[in-house]
Visitor: 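Take a look at this one; I'll ask things after.
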Amino acid sequence: MEEQVGEEAALFAGTLFRMYSMYAEKKHWKLEVLNENETGLGGYKEISFMITGKGAYSRLKFESGVHRVQRVPDTEASGRIHTSTATVVVLPEVEDVEIDINPADIKMEVFRASGAGGQHINKTSSAVRLIHIPTGMVAECQTERSQFQNRDYAMRMLRSRLYDQEKEKQDTEVANARKSQVGSGDRSEKIRTYNYPQGRITDHRIGLSIYQMENFLNGDIDEMVDSLITADTAEKLKGNEEE
């Protein structure tokens, strides 16, 4: 997703979207636009899109951050170089949570339902308590007279609670992905500059400059991506050695 304010920034966002579209095509990935706010000149105030395919996230996650462009706009009569930025955010897709409970993981206990003042107490052990052994989560029901019905309600309750737990876990992972992406994780950090007059693309995180502007903007970004992956791997190895 790219977000930006201003016409020149909107045009730059369009340039970046085209770059990622062409890169996805080269990789035989599928790209779907989810939401777009297009400007009159072919740019985007905001655009959200999903790219799916083998290795898509692992290769695109380093694109997160502020991309800066330095170029002379077509409307600039004096030839003055303008600087604009567009923010790119790359997040993994969170799959729908499917709770598949293994029956072997469930311990069922039955007991007699309790009632106020001893009225309507079920004299049989119809109340059900289900314990999910892997998590220790408990759900019980004693409102129905039938043990089968109580078990059914308890299982629904347990499934719902396990879903909430898994959803919270995934939400936390996404939040951590937001915080950890792009160097220091600061969304305002400028990670890359596209300098048109010099035909140069510089990634400030690894200090790499590529002087093939046209090819790069046409989706030939593998050299940059490979260098970022190599640097990230080296950083992780260094961190493991220091622990």
Side-chain angles (χ1 to χ4, degrees), residues 1-33 36 38-39 41-76 79-92 181-184 186-235:
M1 177 177 70
E2 288 103 39
E3 311 165 1
Q4 59 291 307
V5 178
E7 194 57 59
E8 184 61 22
L11 289 172
F12 179 45
T15 299
L16 290 177
F17 172 61
R18 177 178 175 274
M19 178 181 81
Y20 294 130
S21 298
M22 296 183 77
Y23 184 57
E25 188 176 347
K26 292 176 190 292
K27 292 293 183 183
H28 305 291
W29 294 335
K30 181 181 179 182
L31 185 149
E32 296 175 87
V33 175
E36 59 183 349
E38 196 170 357
T39 65
L41 298 177
Y44 295 94
K45 289 184 177 179
E46 181 178 345
I47 180 168
S48 302
F49 53 95
M50 180 169 63
I51 294 178
T52 52
K54 186 177 180 181
Y57 177 68
S58 62
R59 295 193 67 78
L60 290 173
K61 63 182 179 180
F62 299 106
E63 295 301 301
S64 291
V66 176
H67 294 239
R68 178 174 61 182
V69 62
Q70 295 174 328
R71 62 184 173 189
V72 179
D74 293 337
T75 55
E76 177 58 64
R80 185 169 62 90
I81 297 174
H82 285 228
T83 298
S84 300
T85 60
T87 301
V88 176
V89 179
V90 182
L91 293 173
Q181 64 191 11
V182 192
S184 67
D186 185 353
R187 286 271 300 276
S188 64
E189 179 185 1
K190 293 179 177 63
I191 63 165
R192 190 178 299 156
T193 295
Y194 301 71
N195 187 302
Y196 273 71
Q198 297 178 15
R200 169 178 55 83
I201 305 101
T202 299
D203 196 288
H204 305 296
R205 295 164 294 182
I206 56 176
L208 175 64
S209 291
I210 294 176
Y211 291 86
Q212 295 176 332
M213 180 72 74
E214 185 176 351
N215 290 341
F216 196 89
L217 294 179
N218 283 336
D220 291 337
I221 66 174
D222 267 332
E223 180 183 350
M224 185 71 80
V225 171
D226 288 337
S227 298
L228 286 162
I229 291 173
T230 300
D232 182 65
T233 302
E235 193 68 28

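As a basis for the values below, the full set of heavy atoms in this structure was taken, side chains included, without hydrogen atoms, waters or symmetry mates.
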Visitor: For a quick check under 3.5 Å, do R68 and N195 share a side-chain donor-acceptor pair by atom type?
Guide: no
Visitor: Can any side-chain N or O of R205 pair as donor or acceptor with the backbone N or O of F62 at less than 3.5 Å?
Guide: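 Looks like yes, one N/O pair under 3.5 Å.
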Visitor: CD1/I221 to CZ/R192 distance, rounded to the nearest 0.5 angstrom?
Guide: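 The CD1 atom of I221 sits 7.0 Å away from the CZ atom of R192.
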Visitor: Is the shortest heavy-atom distance from the side chain of R18 to the side chain of N218 under 4.5 Å?
Guide: yes
Visitor: For E214, does the CD atom have more than 12 heavy-atom neighbours from other residues, nucleotides or ligands under 6.0 Å away?
Guide: no
Visitor: Determine the minimum heavy-atom distance between I81 and P197, stating which atoms define it.
Guide: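 The pair with the smallest heavy-atom distance is CD1-CG, 3.5 Å.
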Visitor: Quick check: do D220 and Q212 have side-chain heavy atoms less than 4.5 Å from each other?
Guide: no
Visitor: Do you know the tightest heavy-atom contact between V33 and F49?
Guide: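 Minimum heavy-atom separation between V33 and F49: CA-CB, 3.9 Å.
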Visitor: Locate the shortest heavy-atom distance separating W29 from K54; write the atom from each residue and the value.
Guide: NE1-O, 3.0 Å
Visitor: Can you find a pair of side-chain heavy atoms, one from E63 and one from Y23, that are under 4.5 Å apart?
Guide: no
Visitor: Could you tell me whether the side chains of T193 and Q70 share a donor-acceptor contact shorter than 3.5 Å?
Guide: no
Visitor: Find the distance between CE (M224) and CD1 (I201) and round it off to the nearest 0.5 Å.
Guide: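 Between M224 CE and I201 CD1, I get 6.5 Å after rounding to 0.5 Å.
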Visitor: As an exercise, state the distance from OG1 of T15 to OH of Y194, rounded to the nearest 0.5 Å.
Guide: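 Spacing of OG1 (T15) from OH (Y194) equals 10.0 Å.
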Visitor: Would you call the rings of Y20 and H67 parallel, tilted or perpendicular if under 30° counts as parallel and over 60° as perpendicular?
Guide: perpendicular
Visitor: Roughly how far, to the nearest 0.5 Å, is the CZ atom of R59 from the CG atom of D226?
Guide: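 Answer for the CG-CZ pair, D226 versus R59, is 4.5 Å.
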Visitor: Any idea which heavy atoms bring M22 and L217 closest together, and the distance?
Guide: SD-O, 4.2 Å
Visitor: Any non-hydrogen side-chain atom of L228 less than 4.5 Å from a side-chain atom of D232?
Guide: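 They are not in contact (no side-chain heavy atoms under 4.5 Å apart), so the answer is no.
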Visitor: So which atom in Y44 and which in G14 form the shortest heavy-atom distance, rounded to 0.1 Å?
Guide: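 Shortest heavy-atom separation between Y44 and G14 comes out as CD1-CA, 3.6 Å.
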Visitor: Tell me, do L11 and R71 make a side-chain contact under 4.5 Å, heavy atoms counted?
Guide: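 Heavy-atom side-chain distance check passes, below 4.5 Å.
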Visitor: Take V69 and H82 through the side chain to side chain contact (heavy atoms under 4.5 Å, CB included) test and state the conclusion after the steps.
Guide: CA-CA 8 Å; V69 62; H82 285 228; over 6 Å; no
Visitor: Decide if atom NZ of K30 counts as having more than 12 heavy atoms of other residues, nucleotides or ligands within a radius under 6.0 Å.
Guide: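 Counting other residues, nucleotides and ligands, NZ of K30 stays at 12 neighbours or fewer.
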Visitor: OG1 of T85 to CD1 of I191: how many Å apart, nearest 0.5 Å?
Guide: 11.5 Å
Visitor: Testing the basics here: between S58 and I229, what is the closest heavy-atom pair and its distance to 0.1 Å?
Guide: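 It is O-CD1, 4.1 Å.
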Visitor: Is it the case that over 12 heavy atoms from other parts of the model lie below 6.0 angstrom from the CD atom of E25?
Guide: no
Visitor: Could you point out which residue of R200, Q198, H204 forms a side chain to side chain donor-acceptor pair (under 3.5 Å) with T202?
Guide: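 Looking at R200, Q198, H204, the match for T202 under the side chain to side chain donor-acceptor pair (under 3.5 Å) is R200.
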Visitor: Any chance you could measure E235, atom CD, to T230, atom OG1, to the nearest 0.5 Å?
Guide: 13.0 Å
